[in-house]
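Only one structure is covered here, and it is reproduced in the block below.
Letters go in sequence order (proteins before strands), and every chain restarts at 1.
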2 protein chains.
Amino acid sequence: MQTISREDYLKAILKIEEEAGSVSNQSLVEKLSTRPASVTNMLHTLADAGWVEHEAYKGVRLTDSGKEIALSTLRKHRLWEVFLVDKLNFSWDEVHQWAEDLEHVGDEELTNRLDAFLGHPAFDPHGDPIPTAQGQWSDGRNLIPASKAVVGDRIQLKGVVDSGEAYLQHLDRLKIELGLILVVSKSLDFDESKTLIWPDGSEASLSKQTLQNMLVEKLSRKGKE
Amino acid sequence: MQTISREDYLKAILKIEEEAGSVSNQSLVEKLSTRPASVTNMLHTLADAGWVEHEAYKGVRLTDSGKEIALSTLRKHRLWEVFLVDKLNFSWDEVHQWAEDLEHVGDEELTNRLDAFLGHPAFDPHGDPIPTAQGQWSDGRNLIPASKAVVGDRIQLKGVVDSGEAYLQHLDRLKIELGLILVVSKSLDFDESKTLIWPDGSEASLSKQTLQNMLVEKLSRKGKE
DNA sequence: AAAATATTTTAGGCAGGGCTAAAAACAAGC
DNA sequence: GCTTGTTTTTAGCCCTGCCTAAAATATTTT
Ligand SMILES: [Mn+2]
Ligand SMILES: [Mn+2]
Ligand SMILES: [Mn+2]
Ligand SMILES: [Mn+2]
């Protein structure tokens, strides 16, 4: 039977599979801010339910049924985030905590109605793709970290690697939001920082760290698009 | 610390206080579909937290802080019900189960934004009043059970006593919904059933039971208002 | 008032999910 | 190949909230 905790674990496993390819217990300890013994324990529970395959000391993999639950939970999470931002006017750094709860409410029917009400959004407020009702789950876009952009590039922010509150608020303070187009005007070899130009002409220098977490699309360098 | 179960108990105690004046353990067993030992147990927990006053074998009463939590939970429940009906187009008999989960999500801020988004509704889809952000909580209306209406009365459905799925679906089948205006055309002493006339001219006979659970407002008997 | 019935509490368990501390297994370094 | 350090598992415990069965207390009936 599904519980909040089990859904959270399955979702975490899915995300780590995507990001890292393989899922260690340690990676779950970090992602879920928990303890090794708790992870081992839950993996046994999930394996008994047939949602993961787990061999002691070898790691863990989602089964088809586990992946289905994980994708459904992720879909709900991201749809609720869209709701909170688009309809209740929260900012992108405030919504994760509530979506973490809301993702455990409702069934497929409720989720599909929410999806329709929101106009079938393809991406959540952090630029992450929303799995479809059929569990389709691929980005299609070809995003690169802003740290890879070179002087002269026009880049548009399409997502973030780290959607933690601290980082998002940092971007807020820099007046950087999804969709914003920036031009790279300088690049410092020394610390790998870059100076960027905003549409209003102002500029600022961003650290390597900040740039690495910004996922951007390279736009054509000349024309207005 | 607040948990889902504790909030559910406090909400149940609030409702029983409203309906019956005093709250017995037995009444909680029924309202929450649980066992006497579970109730005793939880009442100790709630008393330790300072949310109820409980004297063994004597019953239980909400404290101010307990009432605050109960009202806030009820407010959230009813606002989410409005959301599900008004925005996601669920019918009034489908929303309770999800609201029972949603009521435990979010803080005051989220609730107030939801309230604003919904246009500050005063009543939920079952006609029950929604407590305000300040915990104001009174109906104002003077509703009577339809069973008290007499031949010739024009009555408008404003609420239901029993908002269980079975009863609501019964009303659905009879094409009875909130706001509907009916006229009492016959009254049978024998079984206390009444025949009612719909706005479209059709009529049907409703049982005593059905009528008792309909909360109506008496409209002036003549004019169009 | 005594007996019968109903309600509430206590006692003792159980399942889920968390934790710490210690043991076991694996991975690296020499 | 052994030693060292890291990761994972086991063992044992805690807390929440549910349960049944039995005991205690109230209430109702006779
Ligand atoms: Mn969650
Ligand atoms: Mn997101
Ligand atoms: Mn609830
Ligand atoms: Mn309701």
**OP:** Tell me which nucleotide among dA21(C), dC19(D), dT8(D) gets nearest to the side chain of Asn25(A).
**Re:** dT8(D)
Subject >> 5′-ward residue of the pair Arg35(A)/Tyr57(A) relative to DNA chain C >> reply: Arg35(A)
**OP:** Find the distance Asn41(B):CG to dG13(C):P and express it as a whole number of Å.
**Re:** 16 Å
**OP:** Ignoring the backbone of Met42(B), work out which of dA21(C), dG16(C), dG17(D) is nearest its side chain.
**Re:** dG17(D)
**OP:** Starting from P on dT9(D), measure out to CD on Glu55(A) and report it in whole angstrom.
**Re:** 11 Å
Original post:
So what does Ser5(A) touch, heavy atoms closer than 4.0 Å: a base, only the sugar-phosphate, or nothing?
Top reply: sugar-phosphate
**OP:** Would you mind reading off the distance between Ile4(A) atom CD1 and dT16(D) atom P, rounded to a whole angstrom?
**Re:** 17 Å
Original post:
Of Glu68(A), Glu18(A), Glu103(A), Glu17(A), which is the lone residue that meets salt bridge (charged side-chain N to carboxylate O under 4.0 Å, His left out) with Lys11(A)?
Top reply: Glu103(A)
Original post:
Between Phe83(A) and Phe83(B), does the ring centroid distance fall short of 6.0 Å?
Top reply: yes
**OP:** Go through dG17(D), dT8(D), dA11(D) for me and flag the one nearest to the Pro36(A) side chain.
**Re:** dT8(D)
Original post:
Between dT16(D) atom P and Asp8(B) atom CG, what is the distance in whole Å?
Top reply: 17 Å
**OP:** Give the rounded distance in Å between these two atoms: NZ of Lys58(B) and C1' of dA24(D).
**Re:** 15 Å
**OP:** Remember a base hit wins even if backbone is also touched, and classify Ala56(B) as base, sugar-phosphate or nothing at under 4.0 Å, heavy atoms.
**Re:** sugar-phosphate
Original post:
Would Ser72(B) and Glu108(B) count as having a side-chain donor-acceptor pair, cut-off 3.5 Å?
Top reply: yes
Original post:
Can you check the Leu43(A) CG to dG16(C) P distance for me, whole Å?
Top reply: 16 Å
Subject >> Validation row, ring centre His126(A) to ring centre His96(A) under 6.0 Å >> reply: no
